[in-house]
Amino acid sequence: MRKDEIKRYVLEYLVDESILPSTVLETAITVPTDNTFDLKRLEMEMNKEVRLKETEREREKKQKEKEEREMQMQREEKAREHEFTLKQLELGVIKGSDAKIGLDTGGFDVSKHVKFVPKFQEDNVEKFFNHFEKLGEQLKWPRDKWSILIQSNFTGKAQEVYSALNRGQHGL
């Protein structure tokens with residue numbers, strides 16, 4: 001017999017003998033057995049594991065939401081930067097852009113090729129032009145863009161003469 005069963009029999013006997021009132025049986029507290037403790041402990045461990053898993057899921061969910069917000073902010077920032085660049089192009093603000101100086105280079109980016117133009121030397125003009133022509137042919141520069149490229153390196157008298165030419169004579 002178990003301890004709580006023995007206690008119950010003793011209480012019933014005492015109530016039958018009128019030693020204790022009958023209400024004692026109704027309010028009698030049963031002493032939990034070892035199995036009851038084991039069950040409670042297992043239940044508590046399970047509840048703890050469930051709470052830990054729920055906490056982990058919540059943490060993962062918050063982390064994922066944070067990453068999604070950051071990605072969305074990056075996409076929005078890129079879109080704003082792109083739009084800003086487009087506006088600058090429209091207004092001709094970007095340095096070195098053809099839009100700024102009003103030139104139509106037909107897809108040829110003069111700013112990328114001007115660095116290859118040889119240095120102009122007033123004392124050896126023929127050598128400069130020969131070198132420039134060879135480079136222009138080797139790098140396949142469009143002939144209609146040569147005047148833009150060449151004038152960028154003029155110095156001294158050559159620059160003065162080029163500046164004195166009217167627009168039609170520039171080859172633009």
Side-chain angles (χ1 to χ4, degrees), residues 32 34-172:
D34 289 338
N35 289 341
T36 307
F37 283 126
D38 288 340
L39 288 174
K40 284 290 183 186
R41 185 173 39 89
L42 285 173
E43 184 181 342
M44 288 173 54
E45 286 176 7
M46 286 178 48
N47 286 339
K48 182 179 177 182
E49 286 181 34
V50 168
R51 285 192 309 269
L52 287 174
K53 286 182 181 181
E54 287 174 354
T55 304
E56 182 63 27
R57 272 191 243 123
E58 281 295 316
R59 186 178 19 232
E60 288 173 359
K61 182 180 175 184
K62 286 179 182 180
Q63 180 66 27
K64 186 176 180 182
E65 288 173 354
K66 179 183 175 186
E67 289 172 359
E68 288 175 0
R69 282 192 308 269
E70 288 174 355
M71 287 175 50
Q72 180 64 27
M73 287 173 36
Q74 288 175 349
R75 283 192 296 267
E76 290 172 359
E77 180 65 23
K78 272 189 171 181
R80 282 192 298 270
E81 286 175 5
H82 180 70
E83 191 170 322
F84 181 70
T85 303
L86 289 177
K87 288 289 183 186
Q88 283 182 322
L89 284 172
E90 286 176 13
L91 299 173
V93 173
I94 293 180
K95 191 174 189 176
S97 75
D98 294 336
K100 182 178 181 182
I101 54 177
L103 298 175
D104 178 19
T105 58
F108 179 75
D109 191 353
V110 174
S111 65
K112 290 182 180 177
H113 295 271
V114 76
K115 61 186 167 195
F116 298 114
V117 176
K119 273 216 182 281
F120 180 74
Q121 300 170 352
E122 280 190 51
D123 57 336
N124 202 346
V125 176
E126 193 65 33
K127 183 180 173 185
F128 169 76
F129 282 111
N130 285 336
H131 189 193
F132 178 82
E133 285 178 4
K134 283 182 182 179
L135 272 174
E137 290 171 0
Q138 288 174 349
L139 297 174
K140 297 183 179 14
W141 291 338
R143 280 196 170 266
D144 62 327
K145 308 302 181 229
W146 283 18
S147 62
I148 297 169
L149 289 165
I150 206 165
Q151 65 86 23
S152 66
N153 277 2
F154 281 161
T155 59
K157 282 196 174 230
Q159 189 175 28
E160 290 175 21
V161 170
Y162 188 83
S163 297
L165 295 174
N166 66 30
R167 190 168 178 81
Q169 293 173 319
H170 284 183
L172 300 175

Q) What residue among Gln74, Arg75, Arg80, Met73 forms side-chain contact (heavy atoms from CB on, under 4.5 Å) with Glu77? A) Arg80

**Q.** Qualifying side chain to side chain donor-acceptor pair (under 3.5 Å) pairs with a residue from residues 51-60, counting only residues at least two apart or across chains
**A.** Glu56-Arg59

Q: Measure across Thr155 and Glu122 and return the closest heavy-atom pair with its distance rounded to 0.1 Å.
A: O-OE2, 3.4 Å

(Q) Met46 vs Glu49, test: side-chain contact (heavy atoms from CB on, under 4.5 Å). Steps then yes/no. (A) CA-CA 5 Å; Met46 286 178 48; Glu49 286 181 34; 5.7 Å; no

Q) Can Lys157 and Glu160 be counted as an ion pair, charged N to O under 4.0 angstrom? A) no

Q. Is there a donor-acceptor pair under 3.5 Å between the side chain of Trp146 and the backbone N or O of Trp141?
A. yes

Q.
Just verifying a value: how many Å separate Leu39 CG and Glu43 CD, rounded to the nearest 0.5 Å?
A. 8.5 Å

Q) Can a donor-acceptor pair be found between the side chains of Arg69 and Gln72 at a distance below 3.5 Å? A) no

Result block: side-chain N/O donor-acceptor pairs under 3.5 angstrom for residues 124-137, not counting sequence neighbours:
from, atom 1, to, atom 2, distance (Å)
Asn124, OD1, Lys127, N, 3.4
Asn130, ND2, Glu126, O, 3.4

(Q) To the closest 0.5 Å, what do you measure between CD (Glu81) and CD (Glu83)? (A) 12.0 Å

Q: Return the set of residues passing salt bridge (charged side-chain N to carboxylate O under 4.0 Å, His left out) with Glu76 (not counting sequence neighbours), or none when no residue passes.
A: none

